[in-house]
Amino acid sequence: MCQQTRVDTAIPYYHRFLERFPTPGDLAEATEDEVLAAWSGLGYYRRARLLHAGVKEVVAQYGGAVPRGAEERRGLPGVGRYTAGALGSIAFDLPEPIVDGNVARVLSRLDRIETPLGRAETERALWTRAEALVAGPRPGDFNQALMELGALVCTPKAPGCGACPWAADCAAHAAGVETSLPVPRPKKKPVPVSLTAVVATRGRGADREVLLERRAQGELFAGLWMVPMVEAGPTQLALGDEAAGSLRDDAQRCAREHGVSGTLEADPRGEVIHVLSHRRYRVRVWRLSAARTRPESPLVPQRLDGLSELGVPRLTHKILSAALPSHES
DNA sequence: GACCCGTGGAG
DNA sequence: TCTCCAAGGGT
């Protein structure tokens, strides 16, 4: 859960997760929907699927306990070098290094590493240094302390060098360049993508259902439930936003391609902006009522008050809120 | 090595 | 409002 996610963000999910899946066996036997539902809102949903696959392997191959051997740990789905080292040092008290974002910042300053993060030579230098440092007593505590030092003292913007136990040994501090390290990897701007979404509903009041599809493997938000969407058509891209007619054409096309018909409103309900690390989505939201589906439609009616039982990403909740003012979250 | 994958808090 | 970046891993 903590991969690329702040600990404070993950904590409530962690507690709910353990309450729902108290043992490895419980998680291994759960359905993908149940696991993704418990993960909904946390992002990077592949982690949930990898965790699910990993715990299944732990149960099937290792009797429900994470194996002690480094090779076996590293071979589990979702367990890379960092997680393998965290398990080794914290759970098994083995002198294995870890390098997360915090450690990378501390060590790049300590040794004044001026090559960009992500580069092979940079990573090699960081892991080599971390490995040398952890070769002492209490490796788990040492690794966690190193991460805490980065999170609380050796912070990105305004490091508290006055409170740092390593200030006297820090090459970056000696040179006065600590705030310019580490050198970040070159950043790429999110690619703008225009989408049209159709929120198709059946029934009214508490019994109202919305038509959702489960995203296929290999697609964005794989395994999660979302409203039908299509990319904006070439006409709209060429003519721009003033071509209002083509906007509605996209909504019509979206409904048709997803095998749903009904009453499509004359104007969109609104617009949703959702930024991922590599994409910037602008979603025009349309409302279609009295929805009927053809037999081949991938859409499945879902009760609005039952969405918490499914894996549903934030983007979908934003879209539903735009189309259905009563929808919250 | 490059790219893909979500979300939210902090400054 | 905008930028940065989180206890990374897979392809």
Side-chain angles (χ1 to χ4, degrees), chain A residues 1-14 36 39-54 73-91 96-108 115-124 126-127 130 134 140-152 154-159 179-191 193 215 217-224 226 272-281 283 311-318 329:
Chain A
M1 284 183 177
C2 288
Q3 289 170 4
Q4 292 292 285
T5 302
R6 289 176 203 284
V7 175
D8 288 342
T9 301
I11 284 174
Y13 287 87
Y14 172 76
L36 287 172
W39 203 276
S40 287
L42 196 52
Y44 279 136
Y45 297 94
R46 181 161 48 172
R47 295 178 300 178
R49 297 144 59 78
L50 289 168
L51 176 63
H52 198 199
R73 259 181 282 136
R74 185 65 174 75
L76 292 171
V79 177
R81 191 171 181 185
Y82 165 82
T83 304
L87 288 167
S89 62
I90 298 171
E96 297 179 13
I98 61 179
V99 176
D100 72 334
N102 294 304
V103 175
R105 185 167 54 254
V106 172
L107 297 186
S108 68
T115 53
L117 293 176
R119 192 118 82 193
E121 61 174 307
T122 307
E123 299 305 306
R124 196 157 45 239
L126 292 171
W127 282 94
V134 80
D141 287 345
F142 176 83
N143 279 337
Q144 294 191 71
L146 191 48
M147 290 189 287
E148 286 296 283
L149 185 64
L152 301 178
C154 193
T155 54
K157 302 288 186 183
T179 56
S180 61
L181 294 179
V183 177
R185 63 201 66 193
K187 40 187 168 279
K188 44 197 186 300
K189 295 182 64 173
V191 178
V193 178
R215 303 282 290 186
Q217 308 307 318
E219 285 187 317
L220 187 65
F221 297 104
L224 298 173
M226 302 187 80
V272 167
I273 303 293
H274 193 70
V275 183
L276 281 56
S277 44
H278 64 305
R279 292 283 187 275
R280 176 186 176 85
Y281 291 101
V283 187
V312 178
R314 290 284 190 224
L315 173 56
T316 296
H317 283 295
K318 286 188 188 177
S329 169

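Naming: A, B, ... by sequence-line order, numbering from 1 per chain.
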For residues 97-105 of chain A, run the donor-acceptor check on the side chains, cut-off 3.5 Å, and write out each pair with its distance to 0.1 Å, sequence neighbours left out.
unit_1	atom_1	unit_2	atom_2	d
A:Asp100	OD1	A:Asn102	N	3.2
A:Asp100	OD1	A:Val103	N	2.8
A:Asp100	OD2	A:Asn102	ND2	3.1
A:Asn102	OD1	A:Arg105	NH2	2.9
A:Arg105	NE	A:Cys154	O	2.6
A:Arg105	NH2	A:Gly150	O	2.8

Show me, pair by pair, the donor-acceptor contacts under 3.5 angstrom made by side chains of residues 78-85 of chain A, not counting sequence neighbours?
unit_1	atom_1	unit_2	atom_2	d
A:Thr83	OG1	A:Gln3	NE2	3.2

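Using a 4.0 Å heavy-atom criterion, one finds that A:Val103 contacts no nucleic acid atom at all. Residue contacts for A:Ala158: at a heavy-atom cut-off of 4.0 Å it reaches no nucleic acid atom on any strand shown. Contact annotation for A:Lys188: no contact, since no heavy-atom pair falls under 4.0 Å across all strands. A:Gly41 comes within 4.0 angstrom of sugar-phosphate atoms only, judged by non-hydrogen atoms across all strands, and of no base.
Counting all heavy atoms, side chain and backbone alike, A:Leu126 lies closest to A:Ser108 at CD2-N, 3.9 Å.
Side-chain atoms of A:Ser40 come within 3.5 Å of backbone N or O of A:Val312 as a donor-acceptor pair.
Atom-to-atom, NZ of A:Lys157 to P of C:dT3 comes out at 11 Å; the value is rounded to the nearest Å. As rounded to whole Å, 10 Å separates atom C1' of B:dG8 from atom NZ of A:Lys318. A straight line from CG of A:Leu276 to P of B:dC3 spans 17 Å, rounded to a whole angstrom. Going from atom CD1 of A:Ile273 over to atom C1' of B:dG8 covers 17 Å, rounded to whole Å. Taking atom CD1 of residue A:Ile11 and atom C1' of nucleotide B:dT7, one finds them 16 Å apart after rounding to whole Å.
C:dT1 and B:dG8 are spaced 15 Å apart, taking the C1' atom of each and rounding to whole Å. Taking atom C1' on both B:dT7 and C:dT11, the two are 23 Å apart, rounded to the nearest angstrom. Spacing between C:dA7 and B:dC4 at atom P, rounded to whole Å, works out to 24 Å.
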**Asked** If the sugar-phosphate is the primed atoms plus P, OP1 and OP2 and the base is the rest, what is the B/S/- string for nucleotides 6-11 of chain C, using protein heavy atoms under 4.0 Å?
**Response** BBBBS-
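In this structure, the side chains of A:Pro184 and A:Leu117 stay at 4.5 Å or more apart for every pair of heavy atoms. In this structure, the side chains of A:Val134 and A:Glu96 stay at 4.5 Å or more apart for every pair of heavy atoms.
With rounding to the nearest 0.5 Å, the separation of OH in A:Tyr45 from CZ in A:Phe221 is 7.0 Å.
Summary of the strand contacts: A:Leu315 and A:Arg119 both lie near DNA chain B, and taking for each the nucleotide with the nearest heavy atom, the more 5' one is attributed to A:Arg119. Where A:Gly118 and A:Glu219 each meet DNA chain B at their nearest nucleotide, the meeting point lying more 5' is that of A:Gly118.
Put simply, A:His274 has a side-chain N or O that comes within less than 4.0 Å of OP1 or OP2 on B:dT7. A sub-4.0 Å separation between OP1 or OP2 of B:dT7 and a side-chain N or O of A:Tyr45 is present.
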